[in-house]
Amino acid sequence: MTAEIQLTQATGSCCSPSGSCHDGADTAATTGEVTTVYQVTGMTCGHCEGAVSEEISGIEGVTSVKAVAATGRVTVVSESPLTEDTVRAAVDEAGYELVGPA
């Protein structure tokens with residue numbers, strides 16, 4: 001099993017992925033964001049990825065979504081932890097099935 005890590009680099013900074021010249025802490029750790037990876041079944045293409053991403057992006061507090069049809073994994077970054085039921089409802093609305101956390 002592999003973990004997917006998403007780092008953001010501040011524009012114009014060459015110091016670290018978080019743009020910090022001091023401690024190298026990632027953006028999520030310094031902003032309090034939560035990253036959760038879910039397993040979703042039924043995605044087969046880019047259109048599927050877009051549909052799932054669009055629905056999950058509509059959840060209040062979600063700041064980033066990356067769906068990968070080939071693995072069925074959906075990485076969600078949010079301002080605070082999301083309930084599984086909330087994510088499940090969004091995935092259902094897109095027409096796919098949330099298995100649970102990956």
Side-chain angles (χ1 to χ4, degrees):
M1 178 170 24
T2 60
E4 188 173 314
I5 300 173
Q6 183 180 25
L7 298 175
T8 358
Q9 182 151 352
T11 305
S13 176
C14 62
C15 298
S16 70
S18 69
S20 169
C21 293
H22 304 289
D23 62 4
D26 70 35
T27 302
T30 59
T31 62
E33 291 183 325
V34 177
T35 301
T36 309
V37 181
Y38 297 96
Q39 191 68 41
V40 174
T41 59
M43 295 188 301
T44 59
C45 64
H47 177 266
C48 300
E49 294 170 346
V52 169
S53 294
E54 182 177 343
E55 289 296 333
I56 294 175
S57 292
I59 299 171
E60 186 176 341
V62 170
T63 59
S64 172
V65 180
K66 180 178 181 184
V68 180
T71 62
R73 291 182 179 238
V74 180
T75 303
V76 180
V77 180
S78 57
E79 295 169 351
S80 60
L82 302 173
T83 67
E84 189 172 320
D85 288 342
T86 300
V87 178
R88 184 176 310 282
V91 171
D92 286 349
E93 183 66 28
Y96 303 91
E97 183 181 346
L98 178 71
V99 176

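Start at 1 with the first residue, then count along the sequence. No hydrogens, no waters, no symmetry mates; every other heavy atom, side chains included, goes into these values. Bear in mind the structure is a predicted one, so any value in this text is a computation, not a measurement.
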Worksheet item: By side-chain contact (heavy atoms from CB on, under 4.5 Å), which residues pair with T44, not counting sequence neighbours?
Response: C48
Practice prompt. For T36, check side-chain contact (heavy atoms from CB on, under 4.5 Å) against everything at least two apart and list the hits.
Written response: V34, Y38
Worksheet item: Does any pair with a residue in residues 41-62 pass salt bridge (charged side-chain N to carboxylate O under 4.0 Å, His left out), and if so which ones, sequence neighbours excluded?
Response: none
Practice prompt. Please tell me if the side chains of V74 and V37 come closer than 4.5 Å, counting only heavy atoms from C-beta onward.
Written response: no
Worksheet entry | Partner set under side chain to side chain donor-acceptor pair (under 3.5 Å) for S80, not counting sequence neighbours | none
Kindly list each side-chain donor-acceptor pair under 3.5 angstrom involving residues 88-102, sequence neighbours excluded, with atom names and distances?
residue, atom, partner, partner atom, Å
R88, NH1, L98, O, 2.6
R88, NH2, E84, OE2, 2.5

Practice prompt. Apply side-chain contact (heavy atoms from CB on, under 4.5 Å) to the pair L82 and I59, showing each step before the final yes or no.
Written response: CA-CA 9 Å; L82 302 173; I59 299 171; 3.9 Å; yes
Worksheet entry | V62 backbone acceptor or donor facing E33 side chain under 3.5 Å | no
Practice prompt. Would you check if there is a donor-acceptor pair between the side chains of E79 and T63 at a distance under 3.5 Å?
Written response: no
